Amino acid sequence: MTNILCIGAGYVGGSTMPILASHCPEDRFVVVDINEARIAAWQSDQLPIYEPGLEEIVRQTRGKNLFFSTEINRHIAEAEIIFVSVNTPTKTFGHGAGRAADLQYWEKTARQILENSTSSKIVVEKSTLPVRTAEAMERILNSNGNGLHFDVLSNPEFLAEGTAVSDMQSPSRVLIGGRETESGRMAVGKLVDLYARWVPLERIITTNLWSSELSKLVANAFLAQRISSINSISALCEKTEADISEVANAIGLDQRIGRRFLQASVGFGGSCFKKDILNLVYLCEHYGLPEVARYWEQVVLMNEYQEARFAANMVASMFNTVAGKRIALFGVAFKANTSDTRESPALAVCRALLDERADIVITDPYALENACQDLKDLEGRITYEIDPYAASSNAHAIAILTEWSQYAQLDYQRIHQSMVKPAFLFDGRNLLDHQKLYQLGFNVYPIGKPPLTRLVNHGLTPA
Ligand code: UDX
Ligand code: UDX
């Protein structure tokens with residue numbers, strides 16, 4: 001039996017450890033966190049995150065070989081392998097503010113591991129970190145003078161929220177980076193053995209530490225770049241009457257380009273893309289590569305442009321004023337099947353419309369609580385409404401901001417009847433049947449396609 005600890009019971013730690021525990025029944029897994037409420041939630045029937053399929057796995061493993069606890073020090077002492085998945089947000093202060101990763105929680109955790117260890121351990125970076133962080137970690141951990149040895153490995157997480165369970169059950173690859181020393185290789189071998197219980201060996205790739213750390217940043221940068229690329233073309237489609245879905249299909253059939261991740265949208269969100277690209281930008285600047293930095297920075301700038309463009313198009317289409325108009329935002333989660341709202345484009349659109357003094361009502365099946373926290377500074381200016389029919393009643397416009405499948409199933413005739421006319425629908429995810437909505441009487445504004453409207457000024461943003 002191996003004692004395995006994970007520090008950080010967030011999305012990453014909380015969704016990976018139950019799955020590891022389910023595949024390694026003879027090992028003991030403990031997930032710890034400084035946040036007592038979060039640990040209590042992991043111990044309860046109401047898990048702190050919504051992730052399809054996770055609840056069942058937690059129920060099967062919790063209390064058998066999976067435990068949640070706030071006793072960090074005790075569990076550090078017992079563990080042989082420690083995964084660290086504490087958050088690494090973008091720095092908000094000092095050198096590199098707005099770009100570099102804030103490593104204070106990571107360093108604090110490393111020192112805590114050192115203080116509470118009485119045996120040698122393997123420490124695994126699960127959090128996304130700047131390249132060469134492992135070097136600093138090794139220095140801290142091995143500065144003990146008490147004869148203990150710590151091997152630092154990098155094992156970045158590639159799972160996407162909403163499909164975390166299936167991503168982890170059948171990963172495209174597991175990446176493990178380690179030192180090319182004898183003890184480094186043995187540590188890598190131990191981690192490979194854990195994953196090999198269910199992942200085919202050819203999908204477990206081992207690299208040097210720096211390649212592993214950098215690959216995580218680069219994977220997210222490439223994925224986000226695809227979205228910014230297709231979104232940039234959506235703007236051109238709106239000016240030329242080309243249709244972004246047709247363009248995406250036409251280019252995606254080229255296998256070198258591929259079909260996935262070409263869905264034009266109001267913008268990408270989530271805790272990782274923006275943060276990781278900014279981190280990459282900072283690293284490039286740090287290593288004296290300003291041209292490379294500017295290249296990747298543009299992916300984030302294009303995303304901000306897309307969010308701003310969407311909100312501006314709403315205002316322009318609605319006769320250049322939304323002041324006092326009720327607008328229903330359908331979806332605030334950064335994508336479907338998650339309650340997560342971090343960096344959600346819906347928040348940016350909401351703020352932009354509030355600046356124009358719109359009367360905003362937000363609906364979402366799972367994310368209202370998080371949205372309420374994110375928009376706390378605007379308390380009293382936003383209505384939260386779980387029922388989309390109630391949210392859209394008396395509204396001038398609906399904006400689809402999250403691609404929840406249930407929004408495609410609603411009775412839009414009933415919704416249209418309850419709205420102020422002319423009724424506007426802005427589909428920031430190209431989720432709905434636009435022709436059908438148009439026939440019901442809506443003025444429909446998709447992303448990257450000509451609007452379907454009976455109004456003379458059909459809302460192309462004025463030049
Ligand atoms: C986070 C980062 O966002 C991501 O980049 C990284 O790859 C992994 O960690 P996530 O799990 O989604 O991902 O973050 P979050 O949900 O914020 O969870 C982090 C947890 O660590 C929180 O529950 C927090 O309370 C805990 N934590 C933080 C500690 O237990 N100790 C600390 O010192 C700091
Ligand atoms: C991402 C990576 O996919 C994952 O590998 C990494 O570990 C963490 O970051 P996640 O943020 O959970 O995962 O979601 P993802 O499915 O990648 O979507 C990110 C954002 O891009 C969402 O806002 C989504 O709506 C948007 N998106 C995605 C598009 O706008 N168009 C697309 O074609 C795909």
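Note that the structure is predicted; figures quoted are calculated from it, not measured. Counting starts at 1 for both ligands and their atoms, in listed order.
For a threshold of 3.5 Å applied to N or O pairs, the pair formed by C272 and ligand 2 contains no separation below that value. Between L223 and ligand 2, a contact under 3.5 Å exists for no N or O pair. Here's the thing with L159: one of its N/O atoms is less than 3.5 angstrom from an N/O atom of ligand 2. Checked by distance only, ligand 2 and G270 stay at 3.5 Å or farther apart across all their nitrogen or oxygen atoms. For ligand 2, the polar-atom distance check finds an N/O of S265 within less than 3.5 Å of one of the ligand's N/O atoms.
Every atom of ligand 2 with a heavy atom of K216 under 4.0 Å away is listed here by number and element: 6 (C), 7 (O). The contact set between ligand 2 and R429, taken as ligand atoms under 4.0 Å from a residue heavy atom, comprises 24 (C), 25 (O), 30 (O). Residue T128 has at least one heavy-atom neighbour below 4.0 Å for each of these atoms of ligand 1: 5 (O), 6 (C), 7 (O). Per-residue contacts place L262 under 4.0 angstrom from the following atoms of ligand 2 (heavy atoms of the residue considered): 33 (O).
Checking Y11, F261, F268 against atom 17 (O) of ligand 2, the nearest heavy atom belongs to F261. Taking only non-hydrogen atoms, the option from Q306, K335, R260, E157 nearest to atom 10 (P) of ligand 2 is K335.
When each of R197, K190, K64 is checked for a salt bridge (charged side-chain N to carboxylate O under 4.0 Å, His left out) with D27, only R197 meets the rule.
Nearest to atom 23 (O) of ligand 2 among the protein's heavy atoms is F334 O, 2.7 Å.
With a 4.0 Å heavy-atom cut-off, ligand 1 is reached by the side chain of R342 but not by its N, CA, C or O.
Within the structure, the closest approach of K275 to ligand 1 falls below 4.0 Å when heavy atoms are considered.
Note on ring orientation: taking the six-membered ring where Trp is involved, the planes of F273 and F268 are perpendicular (angle over 60°, cut-offs 30° and 60°).
The shortest heavy-atom contact between V247 and C237 is CG2-SG, 4.3 Å.
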